[in-house]
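First the structure, in the form of structure tokens, and then the observations on it.
Predicted model, so just to flag it, every value in this text is computed and none were measured. Keep in mind that the numbers below use all heavy atoms, side chains included, and drop hydrogens, waters and symmetry copies. Labels below follow one simple rule: chain letters A, B, ... track the order of the sequence lines, proteins then strands, and each chain is numbered from 1.
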Amino acid sequence: MTWDRKSNMADRYNPPEIEVKWQQKWAEDRLYEVTEDSKKPKYYALTMFPYTSGDLHIGHWYNYVPPDVRGRFKRMQGFNVLHPIGFDAFGLPAENAAIKRGIHPFTWTMQNIENMRCQLQSIGAIYDWNREINTCLPKYYKWTQWFFLKLYERDLAYRAKAPVNWCPSCQTVLANEQVVDGACERCGTPATHKDLEQWLFRITRYADELMQHEGIDWPERIKIMQRNWVGKSTGAYISFGLDHPGVEEKEIRIFTTRPDTTFGVTFMVLAPEHPLVAKLTTPDRRAEVEIYVERSRRQTEIERLSTEKEKDGVFTGAYVTNRLNGEKVPVWIADYVLASYGTGAVMAVPAHDERDFAFAKKYDLPIRLVIAPPGWQGEELKEAYIEEGVMVNSAQFNGTPSQHGIGAVSDFLAEKGWGGRAVTYRLRDWIISRQRYWGAPIPMIYCEKCGTVPVPEKDLPVMLPEDAEFKPTGESPLKYNEKFINTTCPKCGGPAKRETDTIDGFLDNSWYYFRYCSPQESKAPFDKQAVKYWMPIDLYTGGAEHAVGHLMYSRFISKVARDIGLVDFDEPFARLFNQGIIIREHQKMSKSKGNVINPDEYVAKLGADTMRVYLMFLGPWEQGGDWSDTGISGASRWLNRVWNLALEPYSRKAGGDKSVQEAARAELLRTIHQTIRKVTEDLERLRFNTMIAALMEFTNYLTGVSEARLVSASEWKGAVACLLLLMAPSVPHLTEELWARAGHKYSIHNQKWPEWDAALAKEEEITLVVQVNGKLRDRITVSASITETEAKKEAMSSEKVRVHLEGKTVVKEIYVPGKLVNIVVRE
RNA sequence: GCCGGGGUGGCGGAACUGGCAGACGCAGCGGACUUAAAAUCCGCCGGAGCAAUCCUUGAGGGUUCGAGUCCCUCCCCCGGCACCA
């Protein structure tokens with residue numbers, strides 16, 4: 001009467017009930033608390049912590065479940081696993097909420113954390129909540145400020161007037177990474193430019209090192225993105241002679257990657273912001289130049305960066321001398337030349353540069369060919385020739401191949417003192433200032449007498465004042481907070497003013513992974529010994545969108561930490577893995593589309609275990625997945641089947657044939673060991689989807705075993721135990737419950753991970769495929785130890801194969817051990 | 001434009017270093033149980049064909065005994081960069 005038992009309410013799989021029960025028990029028993037333990041190998045698995053937006057969405061689950069599964073797996077394998085969580089709590093949305101809804105950013109953030117902590121707990125992960133960190137608390141940001149001071153000490157922090165990306169709506173500076181398609185990342189307003197006094201970090205000093213990714217296991221595309229972002233170019237600086245009435249500068253320096261084309265220069269172009277523009281412009285050109293400069297300044301990123309836009313510019317009236325040939329060429333300004341790259345000035349060689357070519361055509365400037373294409377007969381160019389060739393019209397360099405000419409011309413310039421070999425980078429220094437309230441105050445003081453003075457370490461943290469008035473304009477409340485601004489100079493004791501800019505949130509999260517190692521440390525940002533034990537991170541996971549922002553800043557800060565002797569490694573993230581994005585019915589999930597999945601509802605209905613399984617099962621983790629409401633029932637059904645299977649009473653069928661029983665036992669053992677191997681290997685390779693599929697297959701197989709009732713009761717019990725152990729990392733609550741009900745020792749999560757025996761996993765019989773001319777004709781079951789001769793003989797004797805051999809001659813027989821026999825025939 | 005990643009049933013996806021294409025699951029269809037439905041269980045499930053068999057991994061070509069997998073040409077989708085001199 002099986003229906004009787006299954007309809008019994010007490011025995012039905014009830015996820016919410018058992019999940020809450022075990023989560024409480026684990027917390028009481030401090031099952032997942034971790035401490036440094038030199039006896040065990042360590043494993044630091046970190047997932048990028050969430051910003052405190054208020055709600056955990058399905059994407060968070062998708063990011064957090066697989067690393068937890070992997071961490072649990074490593075734990076069972078005997079590793080001491082650190083898999084912490086915390087909150088990235090400073091940022092603009094908190095302040096926007098303050099402006100819009102009159103709620104203080106601190107209150108807003110802490111409420112969100114409260115909520116998110118509960119949601120995170122519902123995942124059932126191995127987070128050690130004693131190690132939770134929160135970047136907006138003074139005990140954390142004290143050390144963010146400390147890092148600022150350390151960088152200042154080493155001349156890696158400086159203040160400068162810099163042209164910056166500016167969001168007119170948020171009233172704040174945007175880092176390059178915060179400008180997406182020319183618009184503000186947060187509010188979508190087109191970004192403009194502005195000159196402001198800013199604090200910057202000299203990340204460019206580490207440019208070369210940041211391009212190196214030696215010894216770290218990172219996705220190729222992220223490494224490429226970082227290399228492109230640093231954008232190293234090798235070429236030369238060249239000075240052009242300047243003799244202009246009323247201008248003391250006697251030269252203008254440019255950067256080029258093609259010094260071999262210098263004899264082809266027919267004009268020079270300066271960025272509109274170039275400091276010499278105003279001085280050089282002749283009175284007759286002034287009006288036009290000023291209009292152009294003003295226009296480019298006002299233009300948004302989008303307008304200015306549009307590649308579709310036709311290149312335009314204006315003549316300044318000034319000339320410079322190309323010292324290589326003594327020629328005078330006109331100086332123009334154009335906004336296709338960027339002030340922030342190289343020297344903000346370029347030599348224009350229209351014959352060998354597409355942009356210069358277009359510009360020359362538009363304004364009817366001369367085009368002089370100096371690199372001859374192969375087979376060139378002196379004809380005019382229809383477009384710029386940017387390939388290699390032989391130098392012509394280049395005085396003593398005529399006949400030199402252009403690749404060689406690059407070095408030769410550079411060295412000649414160096415000899416003459418007119419320039420020389422040079423390297424430039426696309427990477428700019430990191431603007432750390434934010435004209436905002438909700439961030440760590442920059443620990444700097446301005447004194448009339450002593451100038452810029454750093455806050456002494458003993459005075460840290462510089463507390464963010466609680467009282468703040470949030471203006472709808474978005475201006476920083478700190479600017480108007482007299483109590484905050486007015487202070488005394490640490491040097492002379494006289495009256496002084498505090499810096500009112502706050503620190504970019506990217507600094508908060510560029511060192512948080514250190515803090516997890518010793519989150520309670522109060523005398524330093526982290527305990528050196530703890531960091532020595534845990535770091536570097538064995539597996540860092542998160543979205544690919546952080547490729548050039550967070551990941552570069554973290555590497556930079558980590559390298560600085562190394563250079564001040566805090567740590568002894570070069571790279572913080574030994575292995576990086578980017579998961580994909582979860583979508584729904586082929587569309588991105590977004591609030592505006594109203595197609596977002598609320599994980600809490602599914603947890604309440606189907607349980608966290610089901611969610612965990614489904615998210616892993618969707619597809620390869622790195623490719624993301626397509627959420628479907630019906631699809632999740634597959635995961636739910638599977639767990640129900642496991643539940644029933646594990647609780648079903650089992651006994652061997654009486655009076656069975658011994659040899660049949662023995663065969664069943666051997667097959668069971670083989671399947672168990674094959675499954676252990678498959679699941680272990682998939683977890684090592686982060687192939688969660690196929691791991692779940694293997695566990696489902698194993699469950700299906702065990703269903704058959706349970707019906708056949710050929711193996712002994714203890715063999716059956718062992719098989720179920722193995723299934724539970726293999727499922728434990730993925731399905732922590734259900735397996736714990738069934739483990740307990742089976743009478744095993746608590747906790748399943750403290751058990752050893754099963755190991756496979758290759759000998760036991762080996763198949764005794766295999767299916768050999770028989771092909772004729774590469775076409776499948778038959779499958780034959782043979783012993784795994786079959787010899788080549790036997791295999792070929794068996795294949796030839798197959799009826800289905802013979803039909804295809806009639807009247808033909810066998811040319812060749814191909815044998816792939818354990819796979820196939822292919823008989824090649826001819827008419 | 002340049003640099004990555006991808007295109008396999010109705011759908012999500014499997015397929016180790018070239019060797020049974022479609023594992024596992026969803027949806028669908030048929031059946032069992034039920035007064036009925038849900039749940040559950042069993043079976044079928046790429047296309048054409050009565051069948052033998054043939055066709056089928058974005059398109060076309062090539063290498064090979066054998067190609068989803070390797071090479072060439074092209075198309076489409078996703079992500080990043082985009083006047084960097």
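- Whole-Å rounding puts the A:Trp218 CH2 to B:G5 C1' distance at 18 Å.
- In summary, A:Lys232 and A:Asp208 engage in a salt bridge, as defined by a charged side-chain N under 4.0 Å from a carboxylate O.
- Within the structure, side chain to side chain donor-acceptor pair (under 3.5 Å) contacts touching residues 691-704 of chain A (residues at least two apart or in different chains) are A:Trp638-A:Thr699, A:Arg641-A:Asn700, A:Glu667-A:Tyr701.
- The environment of A:Ile581 atom CD1 is sparse: at most 12 non-hydrogen atoms of other residues, nucleotides or ligands sit within 6.0 angstrom.
- Side-chain contact annotation: A:Thr424 with A:Tyr341, donor-acceptor N/O pair under 3.5 Å present.
- Partners of A:Gln226 by side chain to side chain donor-acceptor pair (under 3.5 Å), not counting sequence neighbours, listed by chain and number: A:His213, A:Arg555.
- Relative to the side chain of A:Met696, the nucleotides B:A82, B:A85, B:G25 differ in distance, and B:G25 lies closest.
- Between A:His352 atom NE2 and B:A85 atom C1' the separation is 15 Å, expressed in whole Å.
- A close approach under 4.0 Å does not occur between any side-chain nitrogen or oxygen of A:Ser633 and OP1 or OP2 of B:G25.
- No donor-acceptor pair closer than 3.5 Å links the side chain of A:Glu622 to the backbone N or O of A:Asn578.
- Residues A:Trp430 and A:Phe506 place their aromatic rings such that the two centres sit no closer than 6.0 Å.
- Nucleotides B:G13 and B:C26 have their P atoms positioned 16 Å apart, rounded to a whole Å.
- To the nearest angstrom, C1' of B:A85 lies 13 Å from CD1 of A:Ile406.
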Sugar-phosphate atoms are those with a prime plus P, OP1 and OP2; base atoms are the rest. Using that split, label each nucleotide of nucleotides 9-16 of chain B B, S or - for protein heavy atoms under 4.0 Å, 5' to 3'. ---BSSSB
Could you go step by step and tell me if A:Asp356 and A:Lys361 meet the salt bridge (Lys or Arg N to Asp or Glu O under 4.0 Å) rule? CA-CA 9 Å; A:Asp356 299 344; A:Lys361 281 280 175 199; over 6 Å; no
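- Residues satisfying the ring pair (Phe, Tyr, Trp, His ring centres under 6.0 Å) test with A:Phe688, not counting sequence neighbours, are A:Trp621.
- Phosphate contact (OP1/OP2 of B:C41, side-chain N/O of A:Arg637, threshold under 4.0 Å): absent.
- Taking a cutoff of 4.0 Å between a charged side-chain nitrogen and a carboxylate oxygen, A:Glu681 and A:Arg685 do not qualify as a salt bridge.
- A syn orientation is assigned to B:G9, its glycosidic angle lying within 90° of 0.
- Listed for the A:Asp609 side chain is a donor-acceptor partner under 3.5 Å among the backbone atoms of A:Leu734.
- Nucleotides B:A14 and B:G9, compared at atom C1', are 13 Å apart to the nearest Å.
- Of the N and O atoms on the side chains of A:Glu763 and A:Gln674, at least one donor lies less than 3.5 Å from an acceptor on the other residue.
- Base pairing in RNA chain B yields stems of at least 3 consecutive Watson-Crick or G-U pairs, both distances under 3.5 Å, namely B:1-7 with B:75-81, B:10-12 with B:24-26, B:28-32 with B:40-44, B:46-48 with B:53-55, B:58-62 with B:70-74.
- An OP1 or OP2 oxygen of B:A85 is reached within less than 4.0 angstrom by a side-chain nitrogen or oxygen of A:Tyr341.
- Remark: side-chain polar atoms of A:Arg777 are not paired, donor with acceptor, to backbone N or O of A:Val772 under 3.5 angstrom.
- Across B:A85 and B:C16, the matching P atoms stand 41 Å from one another, rounded to whole Å.
- Across B:C11 and B:G61, the matching P atoms stand 25 Å from one another, rounded to whole Å.
- Aromatic pair A:Phe240/A:Trp418: centroids not less than 6.0 angstrom apart.
- Under the 4.0 Å criterion applied to side-chain N and carboxylate O atoms, A:Asp682 and A:Arg677 are not assigned as salt-bridge partners.
- With sequence neighbours excluded, the residues satisfying side chain to side chain donor-acceptor pair (under 3.5 Å) with A:Tyr602 are A:Asp629.
- Side-chain rings of A:Phe267 and A:Tyr363 stay apart, their centers remaining 6.0 Å or farther from each other.
- If you take CD1 of A:Ile632 and C1' of B:C24, they are 16 Å apart, rounded to a whole angstrom.
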What N/O pairs connect the protein and nucleotides 78-80 of chain B at under 3.5 Å? Give each pair on its own line.
none

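- The stretch residues 697-706 of chain A comes close to RNA chain B through A:Glu697, A:Asn700, each having a heavy atom under 4.0 Å from the strand.
- Distance A:Arg641 CZ to B:C42 C1': 13 Å, rounded to the nearest Å.
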Below 3.5 Å is the cut-off: list the nitrogen or oxygen pairs between protein and nucleotides 54-57 of chain B, distance only.
residue	atom	partner	partner atom	Å
B:C54	OP1	A:Arg777	NH2	3.3
B:C54	OP2	A:Arg777	NH1	3.4

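- Both A:Asp356 and A:Gly631 lie near RNA chain B, and the one whose nearest nucleotide falls closer to the 5' end is A:Gly631.
- For A:Thr266 (side chain) and A:Pro366 (main-chain N/O), a donor-acceptor pair under 3.5 Å exists by modelled atom type.
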Strictly under 4.0 angstrom, non-hydrogen atoms only: write out the protein contact profile of nucleotides 43-50 of chain B, one letter per nucleotide from the 5' end, B, S or -. --------
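- Look at the C1' atom in both B:U35 and B:G30: the space between them is 22 Å, to the nearest Å.
- Side chain of A:Asn322 to backbone of A:Thr262: a donor-acceptor contact under 3.5 angstrom is found.
- Map A:Ala694 and A:Gly344 each onto its nearest nucleotide of RNA chain B; the residue landing nearer the 5' end is A:Ala694.
- For the P atoms, the distance from B:G25 to B:C42 is 11 Å, rounded to whole Å.
- For the pair A:Glu707 CD and B:C42 P, the interatomic distance rounds to 7 Å; values are reported in whole Å.
- Remark: the backbone N or O of A:Val269 is not paired with any side-chain donor or acceptor of A:Tyr336 at under 3.5 angstrom.
- Closest to the side chain of A:Arg779, out of B:C20, B:A23, B:A85, is B:C20.
- The CZ atom of A:Arg428 sits 13 Å away from the C1' atom of B:C81 (whole-angstrom rounding).
- Here the P atom of nucleotide B:U40 and the CG atom of A:Leu639 are 13 Å apart, to the nearest Å.
- B:G7 and B:G58 have their C1' atoms separated by 6 Å, with the value rounded to a whole Å.
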For residues 809-819 of chain A, run the donor-acceptor check on the side chains, cut-off 3.5 Å, and write out each pair with its distance to 0.1 Å, sequence neighbours left out.
residue	atom	partner	partner atom	Å
A:Thr809	OG1	A:Arg826	O	3.3

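- Using a distance-only test at 3.5 Å, with no hydrogens or angles considered, a donor-acceptor pair links the side chain of A:Ser402 to the main chain of A:Gly389.
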Considering only nitrogen or oxygen atoms on both sides, find all protein atoms under 3.5 Å from nucleotides 64-68 of chain B and state each distance.
residue	atom	partner	partner atom	Å
B:C65	O2	A:Asn822	ND2	2.3

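- Between the side chain of A:Arg227 and the main chain of A:Leu210, no donor-acceptor pair closer than 3.5 Å is present.
- B:U56 and B:A21: their C1' atoms are spaced 9 Å apart (whole Å).
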